[in-house]
Asks: 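Mind looking over this structure? Questions follow.
Chain letters run A, B, ... following the sequence lines, proteins first and then strands; every chain starts at 1. On a predicted model such as this, the values are computed, not experimentally measured, just so you know.
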Number of protein chains: 2
Amino acid sequence: MARIVTIRTVAERAGCSIATVSRVINRSAPTSADVDARVRAAVAELGFRPSEIGRALKTLRTRTLGVVIPSLTNPVFAASVAGMQSAARERQHTLLLTATDYDPAAESELVETLVAQNVAGLILTVADAAENATLDLLDAEGIPYVLVHNEPTRPGRAAVCVDNAAATFALTQTMIAAGHRRIAYLAGRFATSDRARRRHEGYRAAMEAAGLEPEAPLELDYLGDAPSHAEALAGLFRAPEPPTAALCSNDLLALSVVGALRTLGLRVPDDVSVAGFDGIALGGAVHPTLATVDTPTRLMGEHAVAMLFTMIEAGAPPRVERLPFTLRPGGTLAPEAPVPRV
Amino acid sequence: MARIVTIRTVAERAGCSIATVSRVINRSAPTSADVDARVRAAVAELGFRPSEIGRALKTLRTRTLGVVIPSLTNPVFAASVAGMQSAARERQHTLLLTATDYDPAAESELVETLVAQNVAGLILTVADAAENATLDLLDAEGIPYVLVHNEPTRPGRAAVCVDNAAATFALTQTMIAAGHRRIAYLAGRFATSDRARRRHEGYRAAMEAAGLEPEAPLELDYLGDAPSHAEALAGLFRAPEPPTAALCSNDLLALSVVGALRTLGLRVPDDVSVAGFDGIALGGAVHPTLATVDTPTRLMGEHAVAMLFTMIEAGAPPRVERLPFTLRPGGTLAPEAPVPRV
DNA sequence: TATGTTTGTGAAAACGATTTCACGGGCTGG
DNA sequence: CCAGCCCGTGAAATCGTTTTCACAAACATA
């Protein structure tokens, strides 16, 4: 029922061979004005659209990019996928989207599925870019891919990211400059993620540079709700000398932490300052607004696609592109009590 | 470089014909234990994975579902796509994802692109399900599709949605019960959307049922930021007898409106109550929490995929599935001053 | 005028799978 | 013991394109 009109139908209608139809459609070889017009007329009348499958089988390359992300529910990934989608569309490509739901084991399975679809290339956000058998496999098979959000340590892997360590270093410095001394580091399930590690390193470096004691990250269940977070935070913030500030490894967690602190009877920022990481749009819609590291999430998706295309088409070597971040001040980060407001 | 191992390679290795390899892989016909073992061994050793393209060309059907949504940036759509993705994966399918960026003209182009990829079926959220040439085309070609979020008026179109009118009717009744009399209706760019119209109808019906004067929806630029919304709202809320409550056609808009009212010096909910629609997760993370209609967004995506499969595989006729919604009380909706809190 | 070089076109061979058809061998049943 | 049947298998057709090769006809060059 679906598609009964093939290139053969068009050829008959236009009174020429299928080869000529193909040439007219793809402008892959010169054709006479006469036959050109007849073919175009036939295409229009029949509503013919060449089957991507037939094309792909011959060329062994689809106009499709495979995408693997942890989850669409996190606005960070949703935004970067939005960027990929728009950049891909500009280049007449579509996205084959999959999500791991934060299960590292799913990565290889999804990549295999996508490779079986003969995607032109892949864009991935993985748990760990350093030790990753799936990426090794892609390297071995010569299938082009670009990482997003991941910050690969080993060379030879293409990536679009921000300098996570530098960002948390700067953010931590801002907190220290505001007078905070006891700064907690709260991480989500992302503790199994290379970027979360890099972020914690930046925090630790800044603390040490200021002669302060860095804390081990407190891991919160990333998918947990505010009540469960309140419970987890109670011990830390009801201790004799509680932290006066909390650095969260991402915005979603930070928003949940703000709510959890509130249910513990703590005021933000009066009792505890909070900062996040990512710069999701909704961080600016809440009150007080969320202090965070603003990363160009959507742009990262666009750049990843652009980079992938230079690799596919121009055979460009893999490289790491670090996009600039900015510290976004917000109401959740205030000076520690005795220190005057800047 | 990419995939050099085809079904032929496997056949040679296993010492049989490609037909037999196909039979073993798909269990499409009985094979002897002997050859079965040899083929499986060869598949494992060579890391063979059948090309979806070759398969698709023969069967004229891919293991792919086409998705068209307005935007990934809205958590509502991101959540329903997440649901689709997980439901599709259970059935060994992947999503071909596209977004219109709220441009109705893009719908037909994207659908054509997806049809050219021979998707097994489509899941769409369109601007208007009633007058839609693209859907007519799909009907004519017999390509199965399911609408999500849209509430089609004409029969014969499959859809998964909530009863938008009933939901805003109930929400408006709640506001009226809380003592509000002058209730503004704020709509986004969604005014060109059938569900936004249905939502406004529910509001109007509830107002009229209570003998109150319904207001024409005030359209705000959906993609505008809080400052621009503040400007647009200034006239309405600085009038002599300003509304005491505002019903917003979706949560994203509601969050922005709360911020805009705040910059106008109005307190929420003390001066103005606000309610949204959708039930995005972050509505519960802000303070005060957002009063809204909670819709099972993710579930809608899952059900849409399930329905699509019953249509594809069992030839089930299109039907409209309305999922239950619940009113989610929130801090942004308080009783009007003189009325005692319930 | 004879010879090379375009130029436009068609026939046919891929691409990688599924599927139909035919066939030989081992059954079963009379 | 023979006819008929089922079972496992291979050869070949097929799906809808792109692309190579060959071949005319038209043209430019000597």
Side-chain angles (χ1 to χ4, degrees), chain A residues 1-40 42-43 46-64 92 112-113 115-120, chain B residues 1-40 42-43 46-64 92 112-113 115-120:
Chain A
M1 183 75 72
R3 297 192 60 77
I4 39 174
V5 41
T6 80
I7 197 174
R8 227 163 296 270
T9 328
V10 176
E12 280 170 30
R13 175 79 152 238
C16 65
S17 75
I18 61 168
T20 301
V21 175
S22 175
R23 284 188 269 254
V24 170
I25 290 176
N26 304 315
R27 304 182 198 285
S28 52
T31 46
S32 71
D34 176 34
V35 74
D36 195 283
R38 289 210 314 276
V39 168
R40 287 188 196 289
V43 166
L46 297 168
F48 171 71
R49 183 165 261 253
S51 157
E52 284 294 331
I53 297 198
R55 170 173 298 168
L57 181 56
K58 180 59 189 178
T59 59
L60 289 185
R61 179 193 185 288
T62 61
R63 288 179 179 161
T64 288
Q92 338 262 41
E112 267 192 61
T113 309
V115 169
Q117 311 254 12
N118 277 79
V119 292
Chain B
M1 182 76 69
R3 296 191 60 75
I4 39 174
V5 40
T6 81
I7 196 174
R8 227 163 296 270
T9 328
V10 176
E12 281 170 29
R13 175 79 152 240
C16 65
S17 74
I18 62 170
T20 301
V21 174
S22 174
R23 284 189 269 254
V24 170
I25 291 176
N26 304 314
R27 302 181 199 287
S28 52
T31 45
S32 71
D34 175 36
V35 75
D36 196 283
R38 290 209 314 274
V39 168
R40 287 188 196 290
V43 166
L46 297 168
F48 170 70
R49 183 165 260 252
S51 157
E52 283 295 331
I53 297 196
R55 169 173 298 168
L57 181 56
K58 180 59 187 176
T59 60
L60 289 185
R61 179 190 185 290
T62 60
R63 287 179 179 160
T64 289
Q92 338 261 40
E112 267 192 62
T113 310
V115 169
Q117 311 254 12
N118 277 77
V119 292

Asks: How many whole angstroms separate atom CZ of A:Arg27 from atom C1' of D:dT19?
Replies: 19 Å
Asks: In chain order, what residues pass the side-chain contact (heavy atoms from CB on, under 4.5 Å) check against A:Leu57, with sequence neighbours excluded?
Replies: B:Ile53, B:Leu57
Asks: Let's test your reading of the model: under 3.5 Å, does the base of D:dT19 pair with the side chain of A:Lys58 as donor and acceptor?
Replies: no
Asks: Can you check the B:Arg38 CZ to D:dT9 C1' distance for me, whole Å?
Replies: 11 Å
Asks: I'd like a list of close polar pairs between nucleotides 8-10 of chain C and the protein, N/O only, cut-off under 3.5 Å.
Replies:
from	atom 1	to	atom 2	distance (Å)
C:dT9	OP1	A:Ser32	OG	2.6
C:dT9	OP2	A:Ser32	N	2.9
C:dG10	OP2	A:Ser17	N	2.9
C:dG10	OP2	A:Ser17	OG	3.0
C:dG10	OP2	A:Thr20	OG1	2.5
C:dG10	N7	A:Arg23	NH2	2.7
C:dG10	O6	A:Arg23	NH1	3.4

Asks: Any idea which heavy atoms bring A:Ala116 and B:Pro50 closest together, and the distance?
Replies: CB-O, 4.0 Å
Asks: Would you sort out whether B:Gln117 and A:Thr64 count as a side-chain contact (heavy atoms from CB on, under 4.5 Å), showing the intermediate values?
Replies: CA-CA 10 Å; B:Gln117 311 254 12; A:Thr64 288; 3.9 Å; yes
Asks: If you only use heavy atoms from C-beta on, which nucleotide in C:dT19, D:dT19, C:dG16 is closest to the side chain of B:Ser22?
Replies: C:dT19
Asks: Grab the CG-C1' distance between B:Leu57 and C:dA14 for me, whole Å please.
Replies: 12 Å
Asks: Rounding to an integer number of Å, can you tell me how far B:Glu52 CD sits from D:dC15 C1'?
Replies: 15 Å
Asks: Who are the salt bridge (charged side-chain N to carboxylate O under 4.0 Å, His left out) partners of B:Arg40, not counting sequence neighbours?
Replies: B:Asp36
Asks: Taking the minimum atom-to-atom distance to the side chain of B:Leu60, which one of D:dT18, D:dC15, C:dA17 wins?
Replies: D:dC15
Asks: Counting C-beta onward and ignoring hydrogens, is there a side-chain heavy-atom pair between A:Thr113 and B:Glu52 closer than 4.5 Å?
Replies: no
Asks: Please enumerate all residues that pass salt bridge (charged side-chain N to carboxylate O under 4.0 Å, His left out) together with B:Glu12, with sequence neighbours excluded.
Replies: none
Asks: In chain order, what residues pass the side-chain contact (heavy atoms from CB on, under 4.5 Å) check against B:Ile7, with sequence neighbours excluded?
Replies: B:Ile18, B:Val21, B:Ser22, B:Phe48
Asks: For the helix from C:dT1-D:dA30 to C:dG30-D:dC1, measure the angle between the helix axis at one end and the axis at the other, each built from five pairs, rounding to 10°.
Replies: 40°
Asks: For nucleotides 22-27 of chain C, list the nitrogen or oxygen atoms of the protein found under 3.5 Å from its nitrogen or oxygen atoms, one pair per line.
Replies:
none

Asks: According to salt bridge (charged side-chain N to carboxylate O under 4.0 Å, His left out), who are the partners of A:Arg23, at least two apart in sequence or on a separate chain?
Replies: none
Asks: Considering residues at least two apart in sequence or located in another chain, which fulfil the side-chain contact (heavy atoms from CB on, under 4.5 Å) criterion with A:Ala42?
Replies: A:Val10, A:Arg13, A:Ala14
Asks: Would you mind reading off the distance between A:Ile7 atom CD1 and C:dA12 atom C1', rounded to a whole angstrom?
Replies: 14 Å
Asks: Taking only residues two or more places apart in sequence or in another chain, which ones pass side-chain hydrogen bond (donor to acceptor under 3.5 Å, both in side chains) with B:Ser17?
Replies: B:Thr20
Asks: Rounded to the nearest angstrom, tell me the gap between atom CG in B:Asn118 and atom C1' in D:dC15.
Replies: 10 Å
Asks: What integer distance in Å separates B:Ile53:CD1 from D:dT17:C1'?
Replies: 11 Å
Asks: For the atom pair CZ (B:Arg55) and CZ (B:Arg61), what is the distance rounded to the nearest 0.5 Å?
Replies: 11.0 Å
Asks: Take atom CZ of A:Arg55 and atom P of D:dT19, then tell me their distance rounded to the nearest Å.
Replies: 9 Å
